[in-house]
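Throughout, numbering of the chain's residues begins at 1 and tracks the sequence.
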Amino acid sequence: MKIGAGPRGPGVLVIEPMGNAGRFLVEAADRLGVRLYAATHKDVHDGYPDRLRAALAGVCATDLTDAPRALEDMEAFCRQHAIAGIAPCFELFTPLAALLAERTGLPGNDPRLARAARNKILMGEAFAAAGIPAPRWALAHDGAGAHRAAREHGLGWPLVVKPAEQGGSWGVSVVDGPEGLADAVGAARQYAYARPHGLELDTRVLLQEYVPGEEYSCDTVVANGVAYPLPVVAKDTTDGRYRIETGHTCPSGLPAALVRTVQHTAARAALAVGVRNGIAHTEVKIPPGARTPYVIETGARLPGDNLCEIVEAATGVSEAVAQLQAVLGLVPDTVPSRTDAASIRFLLPEHGGVLREAVVPDLPGTHSEVHLRPGDVVPEPADSTCRIAHVVARAETVGQARGLADRVVARSRVEVG
């Protein structure tokens with residue numbers, strides 16, 4: 001479906017398209033005949049992949065960490081280029097996108113609530129106000145305060161410790177008892193600025209009640225305040241102190257009634273943090289034997305981890321197309337066109353070091369990508385930056401897709417010295 005003709009179709013300004021989701025927006029814009037522009041820093045733009053740079057119709061170079069200046073620069077850019085939609089892509093700039101949409105009179109999210117989709121403390125308050133089922137939580141500034149807050153709020157053990165503002169599992173840990181809490185709080189507080197823009201972050205720490213059970217994600221497209229649910233995806237993570245995502249599978253394998261419950265809960269979470277025209281990525285956990293999904297967090301942007309690819313491979317629904325349609329004030333295409341299955345698995349190192357070798361075999365129904373080259377530094381397996389490669393498998397059923405991806409991982413060879 002094209003909503004514009006060639007290079008003169010409607011223009012959408014993407015606030016920072018770097019990262020995993022950017023390429024899916026590029027593909028979606030090409031399908032829809034949308035002119036895609038970027039708002040970013042000049043030095044960040046200089047580091048864009050060639051394909052992303054070539055796909056952009058223009059760039060608004062500004063300082064996204066200086067909100068008044070950025071809003072002035074971007075508003076003038078929108079007027080000059082007849083921009084018809086504002087699309088946030090980088091989670092930490094979603095409040096800025098909401099303010100810009102309001103200033104330009106374009107479809108956007110509620111700027112009064114938008115910061116709650118970036119800041120997990122405000123998010124917890126928004127969930128409580130809307131009656132969203134979510135883990136209990138408390139706020140901490142330091143180790144001593146964390147011990148006091150955990151005790152006073154009766155959060156119990158294990159306990160999840162995470163930065164108020166950060167993504168990619170950075171600074172997040174699961175603490176089994178009081179003896180590890182101070183160190184976990186210190187690790188969460190280390191992120192004072194976000195790379196690569198230098199955006200100042202809230203260094204407070206969220207202490208979150210640990211919810212046992214399986215993890216899932218569910219994205220929601222919202223257009224003119226109406227929520228359109230997307231498929232539920234099953235998530236796999238490591239165990240222990242650091243819960244790094246190791247894979248995702250669509251569909252989730254949950255019973256149909258529980259899928260609908262997760263979708264409804266995710267939609268309520270998206271609306272609670274002010275999503276009105278755009279997309280939200282919501283993560284939930286379901287305790288064993290329960291039928292209530294607890295919302296861990298939500299973000300007002302496309303998902304990472306190649307989830308756009310997984311969802312489209314399984315259902316035919318392009319989340320990026322739906323997001324662009326929503327920010328242009330259109331009804332999004334969210335009806336599945338097929339009922340297949342897809343699974344992604346990430347190859348993680350056992351320890352940090354220098355990559356010596358990474359070999360991922362090709363099996364029918366799969367494709368893979370190696371992220372690092374021999375000689376590259378491999379971080380310690382504490383967050384998603386340590387991933388060495390990934391494999392995507394497509395099949396007719398969930399079991400077949402999972403099994404195929406797992407076979408590729410089992411036959412892969414990774415050596416870190």
List the atom pairs, with distances to 0.1 Å, where a side-chain N or O of residues 401-412 and a protein N or O form a donor-acceptor pair under 3.5 Å, not counting sequence neighbours.
from: Arg402; atom 1: NH1; to: Asp236; atom 2: OD2; distance (Å): 3.2
from: Asp406; atom 1: OD1; to: Arg345; atom 2: NE; distance (Å): 3.1
from: Ser412; atom 1: OG; to: Val408; atom 2: O; distance (Å): 2.7

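- Residues passing the side chain to side chain contact (heavy atoms under 4.5 Å, CB included) test with Ala55, sequence neighbours excluded: Val26.
- Crowding of Glu215 atom CD: a count of heavy atoms from other residues, nucleotides or ligands under 6.0 Å exceeding 12.
- Identified under the side-chain hydrogen bond (donor to acceptor under 3.5 Å, both in side chains) test for residues 116-143, with sequence neighbours left out: Arg118-Glu165, Asn119-Glu165, Asn119-Asp202, Arg136-Glu209.
- Judged as a salt bridge (charged side-chain N to carboxylate O under 4.0 Å, His left out), and not counting sequence neighbours, the contacts of Arg51 are Glu27.
- Take Arg413 and apply the side chain to side chain contact (heavy atoms under 4.5 Å, CB included) test, not counting sequence neighbours, and it matches Glu357, Val359.
- Ring geometry for Phe77 versus Tyr37: interplanar angle over 60°, hence perpendicular rather than tilted (30 to 60°).
- Screening residues 310-319 for side-chain hydrogen bond (donor to acceptor under 3.5 Å, both in side chains) gives Arg31-Glu312 as the qualifying pairs, with residues at least two apart or on separate chains.
- Evaluation of the side chain to side chain contact (heavy atoms under 4.5 Å, CB included) rule for Asn306 yields Asn20, Arg23, Phe24, Glu309, Ile344, His390 as partners, not counting sequence neighbours.
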Would you tabulate the side-chain donor-acceptor contacts of residues 251-263 under 3.5 Å, counting partners in other chains and residues two or more places apart, or write 'none'?
from: Ser252; atom 1: OG; to: Leu254; atom 2: N; distance (Å): 3.2
from: Thr261; atom 1: OG1; to: Ala257; atom 2: O; distance (Å): 3.1
from: Gln263; atom 1: NE2; to: Leu230; atom 2: O; distance (Å): 3.0

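- Not counting sequence neighbours, the partners of Leu113 by the side chain to side chain contact (heavy atoms under 4.5 Å, CB included) test are Asp110, Arg276.
- With sequence neighbours excluded, no residue forms a salt bridge (charged side-chain N to carboxylate O under 4.0 Å, His left out) with Arg53.
- Partners of Asp340 according to the salt bridge (charged side-chain N to carboxylate O under 4.0 Å, His left out) rule, which considers only residues two or more places apart in sequence or in another chain, do not exist here.
- For Asp239 and Arg243, the salt-bridge test fails: no basic side-chain N is under 4.0 Å from an acidic carboxylate O.
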Atom pairs and distances, side-chain donor-acceptor, residues 149-159, under 3.5 Å, sequence neighbours left out:
from: His153; atom 1: ND1; to: Ala149; atom 2: O; distance (Å): 3.0

